[in-house]
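Take a look at the structure below.
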Amino acid sequence: MLTIISAWLSVFFTTLLAPPKYLWTLITTQGFFIAFFSMSWIFLQDFNFSNSLFFIDKISGPLAILTCWLFPLTMLASQSKMCLEPINRQRTYIVNSTFLQLTTLLAFTSSDLMLFFIFFEASLVPTMIIITRWGAQERRLEAGTYLAFYTMLGAVPLMIWLIKFYSTHGSLLPTLTHTLSITQTSTSYPGLFWATYNAAFLVKLPMYCLHLWLPKAHVEAPIAGSMILAGTLLKLGGYGILRTSTLLQEDTLNQTLFIMLIAILGILATALLCLRQTDLKSLIAMSSVSHMNLVVAAALISSPWSYSGAMAMMIAHGLTSSALFCLANTTYERTNSRTMILLRGALLIFPLAGAWWLTIILFNMALPPSINFAGEVLIMISLYNWSPLAFLIVALNLIFTTAYTLYVLWSTQRGSLPTHIKTLFPFQIREHLLLFLHILPGFLLILKPELIF
């Protein structure tokens, strides 16, 4: 763990000292070295280090590896636009992205409550800077404000709970696992207690009704911002819920029925909302909300199968939605538009990119035998065991997901070419490599899915 953190810190020095000509090459190469080194965490079931400040287990390991893996991919995706900026701005951008990924990684691997809370909140600052400074549209300040207010208001109940915990136990520094075994005190309102300490995580995921910041942030963010938001920052919320789930008492599900109903409503409502989106990035953001509400439902059921399903769903969604944002970015860089009706007929010009669209969209649709499918099946089985009626309602989501998936595919790939598009520069090797590296872990996990269960 110390080696990885040192490697991340060395990225800062590389950014500041590298000659302009080799800046992006060096940073991307260094990112891949860190990513490959982090793969060793797969084999560490429970790895404690440095007086238990950091630890890797079955919950944090896959998410930490995902964070390390996505960093070089964000660097690959950002190059074409960022290379046109002055060198100092490029360095600032890379430092910001590195700091964001480092805080996310530390949040996933920290073993005590205080450190987790600090890194969880610290990730907000670089995200805001990336959105408000490098976003393309004029509403990026509004998106940054939404993000800040939602995240900070959600964090208030969590902070109150931490203060209460501190006053009871005199410390916030036991490991998370130990913390959760000593805080199983009975409470009169277990549902309200669950909602209180998970409010910050439900905003981050985001749960339906608390999700308004997400489409705004995604639409306004540059490509690296969108990839990190979809890939790792949303997973911080899911990780927090799964990590603190042992605080649930036996009858909490009956007490948190209201939240379960909102999550089920959110799964269906956001999938239906996807069908009336005209903006491609907004549609991908809405589909993220739909998938993450499945994770909320799985966490509330709190059975071993549902936890495995939630974990698989988070990893699969991190790779798939990040790849979808990369595809949306490739079309945006060529047409300067995200309106789907203006992007039609892309298959005629970019047949190979059409193959990437088809593959990634089928992953997003949870086509068997993808890891997305494994995650959804596990969650669906858990839902059926809890309530057959809830299962039937959520099963409608499969139809809606297929509908908006086909809608995206038809509106961007099929049809005649719009008359306003005259010349489009061809796909680069860099973009094909970027999409291949998104899909590769998904295909490898098909062969050995138990790595993330």
Side-chain angles (χ1 to χ4, degrees), residues 55 57 59-60 63 103-104 106-124 147-211 213 233-263 266 292-293 295-303 306-307 310-311 314:
F55 76 133
D57 66 354
I59 302 179
S60 59
L63 291 166
T103 50
T104 316
L106 291 171
F108 282 136
T109 53
S110 63
S111 63
D112 73 65
L113 271 174
M114 196 65 231
L115 270 180
F116 172 68
F117 182 73
I118 289 169
F119 290 128
F120 180 81
E121 291 304 319
S123 62
L124 172 68
L147 171 65
F149 272 88
Y150 267 88
T151 310
M152 287 159 71
L153 283 173
V156 171
L158 179 61
M159 198 159 185
I160 292 169
W161 179 62
L162 287 177
I163 292 166
K164 167 79 171 65
F165 183 85
Y166 179 76
S167 64
T168 312
H169 299 288
S171 170
L172 278 175
L173 299 178
T175 61
L176 268 173
T177 41
H178 177 52
T179 301
L180 302 177
S181 62
I182 59 173
T183 47
Q184 288 203 348
T185 50
S186 58
T187 168
S188 316
Y189 304 101
L192 187 62
F193 175 59
W194 189 91
T196 302
Y197 71 78
N198 278 316
F201 307 137
L202 292 174
V203 168
K204 201 75 162 180
L205 255 173
M207 188 177 76
Y208 188 67
C209 298
L210 302 172
H211 72 287
W213 63 271
L233 284 178
L234 301 192
K235 311 300 169 287
L236 268 177
Y239 172 74
I241 291 177
L242 291 182
R243 182 57 86 200
T244 55
S245 58
T246 46
L247 284 169
L248 281 169
Q249 294 169 12
E250 289 302 314
D251 60 340
T252 305
L253 186 51
N254 298 325
Q255 304 287 332
T256 50
L257 261 182
F258 178 64
I259 293 173
M260 180 61 115
L261 289 173
I262 292 177
M292 289 298 102
N293 275 277
V295 174
V296 176
L300 278 169
I301 293 169
S302 63
S303 69
S306 71
Y307 286 155
M311 198 68 216
M314 287 199 290

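Values below: all heavy atoms of this structure, side chains included; hydrogens, waters and symmetry mates excluded.
- Shown here are the side-chain hydrogen bond (donor to acceptor under 3.5 Å, both in side chains) partners of Ser60, two or more places apart in sequence or in another chain: Asp57.
- Judged as a ring-ring contact (aromatic ring centres under 6.0 Å, His included), and not counting sequence neighbours, the contacts of Phe108 are Tyr239.
- Among residues two or more places apart in sequence or in another chain, the side chain to side chain contact (heavy atoms under 4.5 Å, CB included) test is passed with Val203 by Tyr150, Leu210, Trp213.
- Partners of Tyr208 according to the ring-ring contact (aromatic ring centres under 6.0 Å, His included) rule, which considers only residues two or more places apart in sequence or in another chain, are His211.
- Residues Ile160 and Thr196 form no side-chain contact, since every pair of their non-hydrogen atoms from C-beta on lies 4.5 Å or further apart.
- Taking every heavy atom of both residues into account, Ala297 and Ala263 meet most closely at N-CB, 4.3 Å.
- Counting only heavy atoms from C-beta outward, the side chains of Lys204 and Lys235 never approach each other to under 4.5 Å.
- With values rounded to the nearest 0.5 angstrom, Met207 atom CE is found 5.5 Å from Ile259 atom CD1.
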Practice item. Please lay out, stage by stage, how Leu236 and Phe119 fare under the test side-chain contact (heavy atoms from CB on, under 4.5 Å). Key: CA-CA 10 Å; Leu236 268 177; Phe119 290 128; over 6 Å; no
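- Summarising the geometry of Asn198 relative to Gly240, their closest heavy-atom pair is OD1-O, 4.4 Å, with the distance given to 0.1 Å.
- To the nearest 0.5 angstrom, Ser167 atom OG is 11.0 Å from Leu162 atom CG.
- The shortest distance between side-chain heavy atoms of Leu63 and Met311 falls below 4.5 Å.
- For Ser303, the side chain to side chain contact (heavy atoms under 4.5 Å, CB included) partners two or more places apart in sequence, or in a different chain, are Ile301, Trp305, Ser306, Ser382.
- Annotation: side chain of Ser302 is not in contact with side chain of Leu253 (no heavy-atom distance under 4.5 Å).
- For the pair Leu300 and Trp194, the minimum side-chain heavy-atom distance is below 4.5 Å.
- Residue Met260 holds its CE atom at 10.5 Å from CG of Asn254, rounded to the nearest 0.5 Å.
- With contacts defined as side-chain heavy-atom distances shorter than 4.5 Å, the pair Leu205/Ile241 qualifies.
- Not counting sequence neighbours, the partners of Ala148 by the side chain to side chain contact (heavy atoms under 4.5 Å, CB included) test are Met128, Met152.
- When all heavy atoms of Glu121 and Ala155 are compared, the closest pair comes out as OE2-CB, 3.1 Å.
- The distance from atom OG1 of Thr256 to atom CG of Leu192, rounded to the nearest 0.5 Å, is 11.0 Å.
- Of the possible polar contacts, one joining the Asp112 side chain to the Leu115 backbone as a donor-acceptor pair under 3.5 Å is found.
- We find the OH-OG1 distance between Tyr197 and Thr244 to be 4.5 Å, quoted to the nearest 0.5 Å.
- Take Leu257 and apply the side chain to side chain contact (heavy atoms under 4.5 Å, CB included) test, not counting sequence neighbours, and it matches Trp386.
- For the residue pair Tyr307/Ser245, the side-chain donor-acceptor check at 3.5 Å is satisfied.
- We find the CG-OG1 distance between Leu233 and Thr103 to be 7.5 Å, quoted to the nearest 0.5 Å.
- The shortest side-chain heavy-atom distance between Phe116 and Arg243 does not fall under the 4.5 Å cut-off.
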